[in-house]
Visitor: 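One structure, as structure tokens, below. Some questions next.
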Amino acid sequence: MRERITFIQKQGDSIEPTTLNIKGGVLNGPEIQAAREDRLTIAIDELPTDLQALLGTAHELHIRYVSFQPYEAITPLLARLPPGFHLFYTPATEVEATSPALCLALNKVFGNVQCENAQESFTTLPRDRFTHSAAYQYYQQAVDFSPFIHHVKDQLCSSKDQLCAARADRLAEASTLDISYDAISHAVKVTATWPYQRQEVHATSRPQTRTEVGVLNSDRPGHLEPHELGISGLLTVLGQDKKPSATMFAFASRHRDAESSFSVEFLEPTGLHPTLKLNLESSKPPTEDAYCSPHAYFTLPKTIFADRHQLSDDLFLASKNLTGLRYISQPVDLEAPEYVEKRWGSSLLLELSPPESEKSQSWTAQVPLHLRYLSPSEGGYTDIEVPYPAVFWACAAEEGTKFPNNPFEKVNLGYDGLFGPRTVFWHVDPQPGVSNSLTNTIKVPVLDTDKAEWVSGGTGLAVLLGFAWIVWKLFGVLSKSGYQNQSARAAEVAKVKKKQ
Amino acid sequence: MATSPATPKIAKSSLLTTLFSRPLPLYLSAFLLRLILLLYGLWQDANSPLKYTDIDYLVFTDAARFVSRGESPYARETYRYTPILAWLLLPTTCTAGAQWGPLAAKVINAAWFSFGKVLFAAADLVAGWLIERVLVMGTDFPGPTTSFSQGNGTATKKHEEEVNDEGKGMAPSRARAFAAIWLLNPMVATISTRGSSEGLLGVLVMALLWAVLSRRITLAGLLLGFSVHFKIYPFIYAPAIVWWMDAERFSGVRETGQKTTSFLKKISSFLTLPRLQLALTSLLTFFGLNMLMYALYGHPFLQETYLHHVTRIDHRHNFSPYNTQLYLSSASITPLSTTPAGSQLKIESLAFLPQLLLSTVLIPFVLAKKDLPTSLLAQTFAFVTFNKVCTSQYFLWYMVFLPLYLPRSSFLKNMKLGVAALGLWVLGQGLWLQQGFELEFLGRSTFLPGLWMASLGFFVVNCWILGVIVGDGGGEGRLRGDERMFGNVLYITMVM
């Protein structure tokens with residue numbers, strides 16, 4: 001087991017090495033303004049056997065949770081996803097895709113994960129484009145973390161270790177949590193980050209665990225290439241180093257900060273076909289050196305969806321400040337109500353079309369969406385939540401630029417596999433609306449069960465009466481002139497008369 | 001009732017007389033109406049983000065594109081039609097060659113893409129022409145008094161002599177005036193030029209009726225089998241046609257000549273050669289086409305064109321009286337197990353009973369021998385009114401029969417009744433559409449009571465209209481007093 005604890009300050013902020021006090025397995029330092037990232041790497045044989053068995057069925061599994069609380073992005077922790085619970089999964093064999101084992105386990109570790117098995121509940125990702133995509137995607141807005149925190153306390157902390165339990169409890173406040181496994185590294189990486197805030201520098205090593213602590217800040221070394229990020233600061237291995245060692249390094253990063261913001265609202269009235277409006281602060285590309293274009297990546301729960309056929313007409317797209325629909329998960333049932341749809345929802349990538357002007361200006365793009373019918377409810381309305389998208393400028397890096405793995409790298413984010421390997425994502429900061437949460441609420445009209453008492457009887461009665469009325473009219477015709485045609489009947493009558 | 005009391009008022013206007021006196025002005029104006037709508041649609045599509053073209057047309061043309069690439073048309077989601085439709089629209093996938101300039105190429109591509117709309121609009125015109133032929137031919141053939149041998153379809157000459165005799169042939173100019181109800185109907189022209197395929201059904205069904213009335217049995221069988229393959233619902237016409245095709249019409253032998261008492265004899269006298277011929281040709285066509293399509297496209301063909309209609313939920317709001325009930329009951333099925341929550345009998349599972357009883361048994365039994373076109377109209381009307389899903393394009397299914405029925409209808413004999421019926425029919429839809437608009441675009445929960453009451457109200461109006469049609473089909477030529485009064489009352493309430 002290995003642990004890495006990193007405090008990250010902004011450029012220009014740094015602490016003196018002497019302010020760090022290292023004694024035994026404990027590091028103490030001053031209170032600083034920083035973001036914090038904890039990463040625990042656990043070899044597969046160190047895991048409980050049931051988890052080992054579960055992971056054995058996966059080729060790769062990435063769980064990424066992003067908080068609905070907005071947080072400031074701090075270099076180099078820049079990769080962003082829409083808020084919510086994301087899962088990317090490649091089964092070891094295709095048979096696993098139909099097994100409920102993963103979903104059952106997820107439900108045990110996180111409360112209320114609403115999936116059955118990969119084949120029915122997940123969407124598939126395009127694997128033909130770039131090979132680093134997982135096979136399946138799953139998304140859900142809210143999950144219950146308390147079983148997970150309970151698990152962590154149970155499995156990783158000894159019963160007397162109050163400090164460890166307190167650390168586990170703090171997972172509830174994390175702005176992101178990643179659990180990543182792949183069969184090649186044979187290890188699970190659990191990474192949590194906390195937002196940029198005042199906090200004390202403190203770390204304690206744990207038995208049988210190599211603990212490395214970094215107090216870092218972003219920096220600009222002289223030799224920095226345009227596609228690189230610079231980091232400097234102090235590194236300490238607890239129980240091994242007597243004092244921190246200074247470090248400075250640069251690495252190529254696929255995720256950058258565009259240093260502008262966006263917000264999301266819905267046009268009123270929303271009706272059954274709501275239009276999502278993206279308000280973007282800047283129309284200027286984040287870098288002059290490359291071709292860039294803005295994108296929005298949505299993970300829409302099954303209550304709401306986009307119609308890819310509607311998003312294929314250039315005139316229509318242009319009227320909404322959209323360039324095109326670059327990807328939508330398949331299939332999206334355009335007709336099914338929410339309560340029979342088994343798939344979690346859909347993900348889509350839209351290329352946006354900023355106004356063409358020399359100087360930067362704020363602008364908007366509109367995304368037409370459609371609501372599914374929801375279950376009837378008391379009062380006739382049900383609120384649904386629509387998570388913010390991830391918005392970024394995708395820029396093409398220069399020919400020959402390499403992006404080797406860096407210590408803060410994240411891959412398998414859902415959208416990165418939809419771009420070429422040399423694409424750099426410049427993330428736009430989400431600004432919440434009135435609720436201070438990265439989500440919008442839509443009031444969806446549904447059938448009001450309070451008034452549904454008479455529907456069955458009333459419908460039946462109306463149909464019965466309508467039917468009876470027509471049968472009565474038919475009976476009237478039959479009794480008056482039978483079912484033969486008039487001339488035949490007339491001839492018949494004449495014949496009878498003749499005989500007489 | 002020897003002379004027609006129902007000469008439409010419109011025929012008296014001199015301009016309209018010129019319109020109908022010769023074929024050219026009517027068909028030319030019907031053609032121009034569609035041409036203008038088609039060109040306007042092209043303009044709107046090219047210049048507005050709001051499209052004139054129907055969503056369904058994009059489904060058909062996408063499916064045609066899949067076919068042109070050698071793939072299955074069912075690769076296009078929501079393509080729920082026979083592959084023949086995608087094949088027919090293959091020309092829409094043509095594009096201009098490289099030798100053309102960009103502007104010319106754009107025009108050529110737009111023209112090719114519109115091929116389907118042109119086809120549907122042309123089908124409208126042919127359907128209109130067939131309506132005229134049927135009216136001139138006489139909507140119901142007289143009994144054995146005039147001897148028509150089998151297969152003799154050109155009976156028009158004889159009939160022009162006895163024009164205006166009710167149920168017999170009609171003067172061509174008057175027939176055209178009634179055909180204009182279809183040909184110059186803006187709703188019909190709009191639906192086909194927007195690219196909805198219902199116009200094809202119109203021509204198929206009218207051709208079927210024309211073939212039956214002119215004793216072209218094999219052709220009728222082919223058309224019946226083909227239209228059922230195309231859109232299922234025309235199967236309701238089979239019992240009416242078979243019932244109508246009695247021995248007296250086909251060989252001059254009166255069925256009731258000698259009373260047959262034995263059940264077996266009744267059966268054998270019912271199973272006439274023409275009836276067997278129709279049954280055989282239509283079944284062969286239907287199953288032949290289905291087997292061919294199944295061989296070509298496999299299970300998706302069966303699933304999308306036929307089985308889909310069995311499993312669909314139809315929960316989205318539409319004109320059907322069952323709609324609210326369907327939404328309610330579809331949601332009470334637990335989502336992850338698909339077993340009904342309650343085991344009590346649901347009324348919607350019996351919905352097919354009144355619908356099929358009326359449209360395939362009762363109405364054809366009583367009306368088909370008396371007045372085949374009116375029977376077909378009433379059957380279609382009943383089928384659409386009692387259906388579990390009902391949208392405005394279904395109205396086209398019965399509208400095609402209106403020109404054949406209206407000349408002898410109470411609605412034209414008593415204009416107040418006619419105006420009341422039309423007004424209530426439009427009002428019923430208007431009320432529903434208003435509630436639908438509030439739901440769809442304003443987000444107001446109008447499912448209950450608004451949409452539900454509106455759909456039941458529209459249902460009641462439709463049942464009343466259907467009752468009048470049934471009465472007319474039974475030869476209630478003269479209006480009964482109560483009906484006239486009912487009509488007047490409705491008229492007064494509407495004016496108020």
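A note on names: the letters A, B, ... follow the listed sequences, proteins ahead of strands, and every chain is numbered from 1.
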Visitor: Between Glu265(A) and Asn440(A), does any side-chain donor sit less than 3.5 Å from a side-chain acceptor?
Guide: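 Side-chain D/A pair, Glu265(A) to Asn440(A): absent.
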
Visitor: Heavy-atom pairs under 4.5 Å with chain B are the metric here; pick the option from Thr270(A), Leu272(A), Leu465(A), Asp450(A) that has the most.
Guide: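 Top count of heavy-atom pairs under 4.5 Å with chain B: Leu272(A).
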
Visitor: At a heavy-atom separation under 4.5 Å, does Glu335(A) approach chain B through its side chain, its backbone, both, or neither?
Guide: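 Interface part for Glu335(A): both.
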
Visitor: Could you check whether Asp472(B) and Ser410(B), counting side-chain N and O atoms only, form a donor-acceptor pair closer than 3.5 Å?
Guide: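 Present: a donor and an acceptor within the cut-off.
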
Visitor: What part of Val460(B) gets within 4.5 angstrom of chain A, counting heavy atoms only: side chain, backbone, both, or neither?
Guide: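 Answer is neither: Val460(B) stays 4.5 Å or more from chain A.
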
Visitor: Which of parallel (below 30°), tilted (30 to 60°) and perpendicular (above 60°) describes Tyr373(A) and Tyr327(B)?
Guide: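 Judged by the thresholds at 30° and 60°, the geometry between Tyr373(A) and Tyr327(B) is perpendicular.
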
Visitor: Does a donor on one side chain sit under 3.5 Å from an acceptor on the other, for His315(B) and Arg372(A)?
Guide: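 Note: His315(B) and Arg372(A) side chains miss the donor-acceptor criterion.
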
Visitor: State yes or no: are the ring centers of Phe386(B) and Tyr322(B) separated by less than 6.0 Å?
Guide: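 Distance test on ring centres: not under 6.0 Å, no.
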
Visitor: Please report the C-alpha distance between Phe122(A) and Cys115(A) in whole Å, then the side-chain angles of each, then the deciding distance to 0.1 Å, and finally whether the side chain to side chain contact (heavy atoms under 4.5 Å, CB included) criterion is met.
Guide: CA-CA 8 Å; Phe122(A) 294 7; Cys115(A) 72; 3.9 Å; yes

Visitor: Contact part of Val332(A) toward chain B, heavy-atom cut-off under 4.5 Å: side chain, backbone, both or neither?
Guide: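 Just the backbone, heavy atoms under 4.5 Å.
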
Visitor: What part of Ser319(A) gets within 4.5 angstrom of chain B, counting heavy atoms only: side chain, backbone, both, or neither?
Guide: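 Interface part for Ser319(A): side chain.
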
Visitor: Report yes or no: does Thr360(B) contribute a side-chain atom to a donor-acceptor pair with the main-chain N or O of Leu357(B) at less than 3.5 Å?
Guide: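 Absent.
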
Visitor: What part of Asp45(B) lies closer than 4.5 angstrom to a heavy atom of chain A: side chain, backbone, both or neither?
Guide: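 For Asp45(B), the backbone is the part near chain A, not the side chain.
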
Visitor: Using heavy-atom distances under 4.5 Å, tell me whether Ile469(B) contacts chain A through its side chain, its backbone, both, or neither.
Guide: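 Answer is neither: Ile469(B) stays 4.5 Å or more from chain A.
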
Visitor: Between Asp448(A), Leu371(A), Val471(A), Leu374(A), who has the most heavy-atom pairs with chain B when the cutoff is under 4.5 Å?
Guide: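 Of the candidates given, the most pairs with chain B belong to Leu374(A).
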
Visitor: Do you know the tightest heavy-atom contact between Leu367(B) and Ala378(B)?
Guide: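 Here Leu367(B) and Ala378(B) meet closest at CD1-CB, 4.3 Å.
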
Visitor: Measure distances from Ala46(B) to the heavy atoms of chain A and classify the residue's part below 4.5 Å as side chain, backbone, both or neither.
Guide: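 The backbone, not the side chain.
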
Visitor: For the candidates Asp333(A), Leu464(A), Asp313(A), Val446(A), which exhibits the highest count of non-hydrogen atom pairs separated by less than 4.5 Å from chain B?
Guide: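 Among Asp333(A), Leu464(A), Asp313(A), Val446(A), the one with the most close pairs to chain B is Val446(A).
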
Visitor: Is Asn323(B) in contact with chain A via its backbone, its side chain, both, or neither, using a 4.5 Å heavy-atom distance?
Guide: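 Neither part; nothing is under 4.5 Å.
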
Visitor: What residue, out of Pro331(A), Gly379(A), Ala462(A), Pro337(A), has the most heavy-atom pairs lying under 4.5 Å from chain B?
Guide: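 Top option by heavy-atom pairs under 4.5 Å: Pro337(A).
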
Visitor: Where on Thr446(B) is there a heavy atom nearer than 4.5 Å to chain A: the side chain, the backbone, both, or neither?
Guide: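 Interface part for Thr446(B): neither.
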
Visitor: I'd like to know which of Phe475(A), Trp472(A), Trp454(A), Phe467(A) tops the heavy-atom pair count under 4.5 Å against chain B.
Guide: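 The candidate making the most pairs under 4.5 Å is Phe467(A).
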
Visitor: Take Ile328(A) and Phe305(A) through the test side chain to side chain contact (heavy atoms under 4.5 Å, CB included) and record every step on the way to the result.
Guide: CA-CA 10 Å; Ile328(A) 184 162; Phe305(A) 64 95; over 6 Å; no

Visitor: May I ask you to check whether Gln325(B) and Thr459(A) show a side-chain donor-acceptor distance below 3.5 Å?
Guide: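 There is no such pair (donor and acceptor under 3.5 Å, judged by atom type) between the side chains of Gln325(B) and Thr459(A).
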
Visitor: Using heavy-atom distances under 4.5 Å, tell me whether Phe459(B) contacts chain A through its side chain, its backbone, both, or neither.
Guide: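 For Phe459(B), the contact with chain A is made by the side chain alone.
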
Visitor: Does one side chain, of His370(A) or Gln310(A), offer a donor that lies under 3.5 Å from an acceptor on the other?
Guide: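 Indeed, the side chains of His370(A) and Gln310(A) share at least one donor-acceptor pair under 3.5 Å.
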
Visitor: Is it the backbone or the side chain of His273(A) that comes under 4.5 Å from a heavy atom of chain B, or both, or neither?
Guide: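 The answer is both parts of His273(A).
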
Visitor: Counting only non-hydrogen atoms closer than 4.5 Å, does Ala336(A) touch chain B with its backbone (N, CA, C, O), its side chain (CB onward), both, or neither?
Guide: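 For Ala336(A), the contact with chain B is made by the backbone alone.
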
Visitor: Given that the side chain runs from C-beta out, which part of Thr78(B) has a heavy atom under 4.5 Å from chain A: side chain, backbone, both or neither?
Guide: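 Just its side chain gets close to chain A.
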
Visitor: Using a strict threshold of under 4.0 Å (side-chain N to carboxylate O), is an ion pair present between Glu341(A) and Lys302(A)?
Guide: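 No, Lys302(A) and Glu341(A) are not salt-bridged.
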
Visitor: Could you tell me which portion of Leu317(A) (side chain, backbone, both or neither) has an atom closer than 4.5 angstrom to a non-hydrogen atom of chain B?
Guide: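 For Leu317(A), there is no contact with chain B at all, as no heavy atom is under 4.5 Å.
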
Visitor: Any idea which of Leu362(B), Leu439(B), Leu456(B) has the most non-hydrogen atom pairs under 4.5 angstrom with chain A?
Guide: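 Greatest number of close heavy-atom pairs with chain A: Leu439(B).
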
